[in-house]
Amino acid sequence: MPLARDEGWPGALRTAITCAATLLGLLLLVDGVAGTLTPVRGALWAGLAVLLFVVLLPDRVTAGEGWLASRGLVRGRTVRTDRLVCVWWSAGPSRRVLLRDVHGARISLGPNLLTDNPRLWQLLADGAAASCAQGFLHAAESDIRHLSQQTDREIAQLVFKISHLD
């Protein structure tokens, strides 16, 4: 299967840029109208806008047969999906899918990323099935099944909604 990408990432990039630029523009405008804009304050507002951009920009996720990669602004991570040893859900209000392979590489993904990108999900599911078949993934089979059921259910609901069958 060919390379799959997070199809929502370009939109998230545009949103991060737009929000940061809007914040910077508003802060400069308000400070300029008030007559208190100085080079130091302008640099402070620019720094604040850059910080907002960094916080809002999600990692770029790509996958291929047997691997899944996540690339942020500073570093990238890659796990071998055909060599997974752990797949689990993080606890707490911000649920994440955590993956770890035999080499110790780890990636954390939001579950919406998988439901919004069926090709990414399929490559991950195929890799996890290969890990189970090779004996790498034992304890996490129920987590994989749970993830599979939830992702498939959400994809089916989306298909029904798009088809006006809901």
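If you read the sequence from its start, that first residue is 1, and numbering goes on from there.
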Between [atom1] of [X] and [atom2] of [Y], what distance do you get to the nearest 0.5 Å?
| X | Y | atom1 | atom2 | result |
| --- | --- | --- | --- | --- |
| Cys132 | Asp82 | SG | CG | 12.0 Å |
| Arg100 | Leu137 | CZ | CG | 10.5 Å |
| Arg14 | Leu57 | CZ | CG | 12.5 Å |
| Leu124 | Arg119 | CG | CZ | 14.5 Å |
| Trp9 | Thr15 | CH2 | OG1 | 11.5 Å |
| Asp101 | Arg106 | CG | CZ | 10.0 Å |

Consider only side-chain heavy atoms of I, L, V, M, F, W and Y, link residues closer than 4.5 Å, and tell whether [X] and [Y] are in one cluster.
| X | Y | value |
| --- | --- | --- |
| Leu13 | Leu73 | yes |
| Leu28 | Leu48 | yes |
| Leu27 | Leu56 | yes |

Okay, side chain of Thr81, backbone of Glu65: is any donor-acceptor separation there less than 3.5 Å?
-> no
Contacts of [X] that satisfy salt bridge (Lys or Arg N to Asp or Glu O under 4.0 Å) - sequence neighbours left out:
| X | value |
| --- | --- |
| Asp6 | none |
| Arg60 | none |
| Asp116 | none |
| Arg41 | Asp31 |

Is any side-chain heavy atom of [Y] closer than 4.5 Å to one of [X]?
| X | Y | result |
| --- | --- | --- |
| Phe53 | Ile17 | yes |
| Trp67 | Thr62 | yes |
| Leu120 | Leu109 | no |

Tell me, please, which residues at least two apart from Thr22 pass side chain to side chain donor-acceptor pair (under 3.5 Å).
-> none
Side chain to side chain donor-acceptor pair (under 3.5 Å) against Ser70, all qualifying residues, sequence neighbours excluded | Asp59
Given the options Leu23, Leu26, Leu24, Trp45 meets side chain to side chain contact (heavy atoms under 4.5 Å, CB included) only with Leu24
Taking all non-hydrogen atoms of both residues, which atom of [X] and which atom of [Y] are closest, and how far apart?
| X | Y | result |
| --- | --- | --- |
| Arg96 | Gly110 | NH1-N, 3.3 Å |
| Ala12 | Pro58 | CB-CG, 3.5 Å |
| Val79 | Ala105 | CG1-O, 3.4 Å |

